[in-house]
Each structure stands twice: as structure tokens, then as C-alpha cells.
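By convention in this document, chain letters (A, B, ...) are assigned in the order of the sequence lines, proteins followed by strands, and residues within each chain are numbered from 1.
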Amino acid sequence: MRGDDSGATGGGGVAAGDLPRLRRGLPRLRRGLLRLRRGLPRPQRGLPRLRRGLGTVLGCVTAAAGALHFLVGGLALGPFLLWPRTRAGALDLLTGGVRRLAALERARRSVFFGDVFPEHYRAADRKVLRYLAVRSYAGLLCALVLGLLVFGAVLAGILGYGVLRGTIGWDELLTQVLLGGVLLFLDVQGLYALAALDARTARECFGPSERELLRRRIEELAASRAAVVEAVDAERRRIERDLHDGVQQRLVALGMLIGRARRGRDPERAGALLLQAHEESQGVLAELREVAWRAYPSALDSLGLEEALGGVAERCALPLRLRFEVAGPLPRAVETAAYFVVSECVTNAAKHSAASAVSVSVAREGALLTVRVEDDGSGGANENGGGLTGLRSRVAALDGVLRVHSPLGGPTTVTAELPCA
Amino acid sequence: MRVILAEDSTLLREGLVRLLAEEGHEVLAALGDAVTLVREVGEQRPDLVVVDIRMPPTHTDEGLRAAVEIRRRWPGVGVLVLSQYVERPYAAALLAAGAERVGYLLKDRVAQVEEFLDALERIHAGGAAIDPEVVRQLVVRTTHGDPLARLTPRERTVLEALAQGHTNTAIAAKLHLSLSSVEKNLNAVFDKLELTRATGYSRRILAVLRYLEA
């Protein structure tokens with residue numbers, strides 16, 4: 001027993017050494033995965049410190065250039081800036097230079113710090129001006145702090161040399177080290193703060209800041225939420241109409257047939273009426289099934305999207321070619337949205353477009369499901385019509401995009417891109 | 001009797017035409033919209049018009065507006081309005097000009113062929129035919145803290161039947177009561193509702209309905 005135990009601990013000793021390391025690594029791995037999922041830029045931990053240091057030093061040089069530009073440009077253009085007639089031109093000249101310097105800063109951030117900025121984002125002139133002003137100030141300050149660091153290093157060297165030569169006593173050394181340590185701490189602290197400021201100001205100028213991204217997202221969500229409520233209401237109204245104008249009328253007619261049969265004094269006539277009533281009841285059933293299917297196709301739950309779309313093809317008045325290239329299961333909400341995009345567009349094509357054929361393609365590439373409905377009809381689909389607006393909100397609710405291309409004379413193509421995350 | 005129909009559901013319209021024809025009525029016209037209805041009535045002067053409230057083009061209240069206009073211009077023409085569901089304002093608008101030769105029925109009632117034909121006869125005879133469901137809702141809405149609460153259950157049923165437009169004889173047959181007992185119940189109702197005895201038959205219905213609407 002004991003021997004077994006000690007053997008196990010001995011054998012596990014190797015693993016026990018690895019385990020804490022693994023455990024320490026896990027949170028980092030998880031954070032990394034989370035960032036990957038959210039599509040956030042990776043922190044630049046992987047980039048060598050030397051490179052970042054080089055970028056910081058270079059930042060001091062560019063800051064000097066920026067300050068020089070402001071100084072010289074300001075002095076040279078100052079009078080023209082004050083005179084209203086030449087103000088626009090002078091400002092243009094000054095801003096042109098500022099933009100060029102800002103582009104340099106952007107490149108510096110990208111190369112040395114690995115920042116990723118949106119491609120085509122262009123900040124307003126005022127914003128760039130302000131950025132370069134802040135940047136120049138911060139850069140010069142950074143140069144000062146770096147200078148102090150170098151100065152401190154030189155002093156430390158002299159101190160060390162003095163200790164070696166024995167000219168400095170213990171008490172004096174202790175005081176110097178204590179003082180130097182505090183100053184070093186303050187200096188490094190300042191460097192960190194300035195680096196953070198540099199990164200933040202760059203992000204604010206060259207790309208939407210986190211706050212702006214959040215604000216935009218909130219706007220998007222509010223809009224899509226309102227649209228979803230609207231779409232749900234519209235759908236309810238449609239179902240109500242379907243039931244009242246279709247099913248209810250037919251049931252009343254059916255009841256009337258039976259009532260007439262009951263009143264009929266002639267048995268043969270009553271029989272004929274009952275037969276008619278029987279047929280009518282089949283019709284009502286079929287209609288009820290149709291309404292239910294339009295409200296929600298039950299096949300979607302039990303048999304999946306491909307089968308449900310097959311049902312659309314079957315009931316479609318036009319020849320429909322279906323290409324379905326989706327491996328693996330899709331999220332339920334995405335399936336439903338895809339189904340309604342297809343069924344609504346196919347119905348529209350059959351009703352309004354005078355098309356002779358429709359082709360539907362559903363394909364998944366990575367985490368994106370693309371649904372495409374094309375007809376060869378006369379085009380001119382009304383993008384703001386009830387049907388397409390409802391579809392757009394349905395797709396938007398899933399963070400997807402619906403595009404309608406329908407020039408007069410046709411053909412009409414509707415594409416929906418649905419993320420399957 | 002000579003009838004004009006206006007109903008946009010083809011199925012129902014055809015069914016009604018057949019039914020009326022079988023009962024020996026003459027269907028002068030069967031229309032799918034309310035616009036031509038008023039013109040047809042002006043030209044042909046039927047005894048009775050059956051019209052759906054919701055009709056093309058807007059499917060809101062075209063039929064009702066046509067019915068109100070017909071009642072205003074040709075008071076001798078009976079009007080039966082068919083409705084999808086109970087819409088109190090519509091019923092009130094229809095009855096605003098009196099309760100002679102007028103009816104408001106739910107569409108479902110058409111399937112109860114006997115009741116439907118009975119309603120037609122009543123309207124033709126100068127009476128009213130209000131859907132039991134309409135009456136029930138009116139009664140339910142107005143029973144909170146008012147004289148109706150003082151009615152006995154029997155009196156209430158008699159009142160409901162009366163409000164639907166039935167004659168005393170019909171009420172007696174319907175509720176399996178003797179004629180005198182119906183009259184006794186009704187007198188009790190009128191006393192409790194403080195209605196004067198001087199008014200005529202249809203005035204009574206009107207009074208009851210007006211009272212219920214308030």
C-alpha cells in the first residue's frame with residue numbers, strides 16, 4: 001500500500017512540476033481566446049521591448065518635429081491667420097503639415113507598437129490638430145523623462161565608481177540609493193503614463209475609440225430592437241388577417257352549407273349540399289395549414305432548414321433551383337431568419353416580378369451564412385415595402401446585413417449575410 | 001323579399017345568394033365592394049340590404065358608412081350589417097338614427113341559418129336584430145353600480161332578448177315562458193330602468209340600447 005503510494009507520488013512528481021506552470025498559463029490562454037472571439041486587437045506583449053523602446057525614442061524626435069512645425073508654422077503664418085482674408089489659406093497650409101506629421105505618427109504607432117487602426121477612417125481637421133498638439137507636448141515631456149533617466153543612470157555610474165574607489169561611506173551610499181530608488185520609481189511611472197497617453201490619443205484620432213465603438217453599438221442595438229418589435233407586430237397583423245379573411249370566412253361558408261343541408265326538404269339536394277360541405281371542410285383544413293405554415297414552418301424544427309426550403313420550392317409557383325451548401329447544424333435563430341428571407345423573397349418574386357425562374361443559394365463560409373435569392377423578373381422591388389423592411393429587421397436583429405439589388409428592368413437579387421456565432 | 005348583398009368574400013357571397021334564393025327571396029344584386037352599393041340601392045330600392053362592414057378598398061368601415069348613408073337616404077330600406085367581431089362604436093353609429101329596420105350581426109351568425117333568416121324577417125317587418133354577443137357585451141359593461149344590477153336573472157335574460165330585437169311572442173317561445181309572464185317581466189324591467197310606458201315597441205329597444213350604451 002505505502003509502496004504504491006510513494007510510487008505514485010514519485011511518478012507524479014514530474015507532472016506536479018508542470019502542473020503549476022500549466023495552471024498559471026491557463027488564465028492567459030483563456031483571456032487570449034476571449035479576445036480572439038471578440039475580435040479585439042491582441043495586446044502587444046509579443047513585440048520585443050526593444051522595438052517599443054525604439055518607438056518611444058522616435059516619438060520624442062517626431063514630437064520635436066511637431067513642436068517645431070507649430071512654432072515655425074505659427075510664427076510664419078500667424079499674421080495670415082489673424083487676417084480674415086488669408087485665414088483659410090494659412091490654416092490649410094498649417095493643417096496640411098499637421099496631417100503629414102500625424103500620418104508619420106500613425107505609421108510609428110503601427111510599426112513599433114503594432115496598433116491596428118481602421119483603414120479608411122479620416123478624422124476631422126480640428127481633431128488632428130488637437131492630436132498633434134497633445135502628441136508634441138507628450139513627446140517632449142517623454143524626452144525630458146528619458147533624459148532624466150539617462151542622467152540618473154550616469155549618476156548611478158559615478159556612485160558605483162565612488163564605492164569601488166572607497167571614497168563613499170556606507171551611510172552616504174544608503175542615502176543616495178534610497179533617493180535614487182524613489183526618483184527611478186517616479187521616472188518609470190511617468191514613462192508608463194506617457195506611453196498610455198500616447199496610445200490613447202492615437203486611438204482617438206486614427207480610429208474610433210472604444211467609447212465611440214460602444215456608442216455606435218448601442219445605437220445599432222436600439223434601432224434593431226425597435227425594428228424587431230415592429231416586425232413582430234406586422235407579422236401578428238398578417239396572421240390575424242390571414243385567419244379572419246381566409247379561414248373564418250370559409251368556416252362561415254361551411255356552416256352555411258351545413259345549415260342549408262339541414263333545412264333542405266329534398267334529401268337528394270341535402271346530400272349534394274353535405275358533399276359540398278365535406279369538400280369545403282378539406283379546403284378549410286388546407287388553408288389553416290397554410291396559415292400555420294406561414295406563421296412558422298414546423299419542418300424547420302423537426303427536419304431542418306434544407307427540408308423546409310424544399311417545402312418552399314414545392315409550393316412555389318415558379319421553378320426554383322436550390323443550392324444548399326451548409327455543413328453541420330446552424331443556430332436556430334439563423335435558420336429561421338434564413339427561411340423567412342427565402343420564403344418572403346420567393347413569394348415576392350412569384351407575385352410581383354413576373355419572373356420565370358428563381359434560384360436560391362444558401363452557403364456557409366466559416367461563421368457567415370450567405371443566403372442569396374435571385375430571379376429573372378422585371379426588378380424595381382420596393383426596398384421600403386413592408387415585406388423587405390420586416391426581413392431587414394429580422395436579419396439586423398442577428399447582426400446580419402440584407403442587401404437588395406433590384407434595378408428597373410431586373411433582375412432582382414436579395415442577399416442576406418447572417419453571422420452564426 | 002328583394003335583397004341586395006355586399007360582401008367581398010366570394011365564397012360567403014355565393015353562399016348567401018344560394019341561401020336566400022332557396023328561401024324564396026329575390027337577390028337583386030350581389031356586390032364585392034361598398035362603393036357601388038349605394039348607387040344600386042338608389043336604383044333598385046330593395047327591401048333589404050346585407051352588407052359587410054370591412055370592404056375593399058381600405059377594409060376598414062366602408063360597408064358601415066354605406067349602411068349609414070342608406071339608412072339616412074332611404075329609411076324604408078332595411079339594413080343588416082355583418083361584422084367580423086363586436087365593434088361597439090360601429091353598432092352605436094348604426095343605431096344612432098333609430099332601431100327600425102336595422103340589424104348588426106356577427107358573421108359567424110350567418111352559419112346559424114335559422115337565426116340569420118329570422119333576423120332578416122325581423123328587420124323586414126320593421127324591427128331590429130342585434131347580435132346577442134353585442135348585447136351581452138353592452139350589458140356586461142354597464143352592470144357596474146347601475147340600475148341593471150337590480151334586475152333578477154330572469155328579467156335580465158328577457159331584457160337581452162328584447163334588446164336583440166325579438167317580439168314578446170318570440171321571447172316567450174325562445175325562453176319557454178307564457179306571454180303574460182314575459183310581459184310581467186318586461187314591465188318590471190321598465191320600472192326598474194325607469195322607462196316610460198308611452199313609447200312604442202322599437203322605441204323600447206332604442207331606449208334600452210341607448211341606456212346600455214351610456
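- Contact annotation for B:L106: neither backbone nor side-chain heavy atoms come within less than 4.5 Å of a heavy atom of chain A.
- Rounding to the nearest 0.5 angstrom, the gap separating the CZ atom in A:R269 from the CD atom in B:E22 is 4.0 Å.
- With a 4.5 Å cut-off on non-hydrogen atoms, B:E14 does not touch chain A at all.
- When all heavy atoms are compared, the tightest approach of B:S9 to A:Q249 is CB-OE1, 3.5 Å.
- The most heavy-atom pairs under 4.5 Å with chain A, out of B:V110, B:L16, B:L11, B:D108, come from B:L11.
- Applying the 6.0 Å contact sphere to CZ of A:R216 captures more than 12 heavy atoms from other residues, nucleotides or ligands.
- Heavy-atom neighbours of A:E307 CD from other residues, nucleotides or ligands within 6.0 Å: at or below the threshold of 12.
- Shown here is A:E268, whose CD atom has no more than 12 heavy atoms of other residues, nucleotides or ligands within 6.0 Å.
- Few gaps surround CD on A:Q282; more than 12 heavy atoms of other groups in view lie less than 6.0 Å from it.
- A 6.0 Å sphere centred on CD of A:E230 holds no more than 12 heavy atoms belonging to other residues, nucleotides or ligands.
- When the heavy atoms of residues 45-53 of chain B are compared with those of chain A, none of the residues falls under 4.5 Å.
- Taken to the nearest 0.5 Å, the CG atom of A:D245 stands 9.0 Å off from the CZ atom of B:R54.
- From A:R260, atom CZ reaches atom CZ of B:R18 across 6.0 Å, with rounding to the nearest 0.5 Å.
- Salt bridge absent: B:E114 and A:R262 never bring a charged side-chain N and a carboxylate O closer than 4.0 Å.
- Residues passing the ring-ring contact (aromatic ring centres under 6.0 Å, His included) test with B:Y85, sequence neighbours excluded: A:H244.
- When the candidates A:R263, A:R250, A:R241, A:E280 are compared by the number of heavy-atom contacts under 4.5 Å with chain B, A:R263 comes out ahead.
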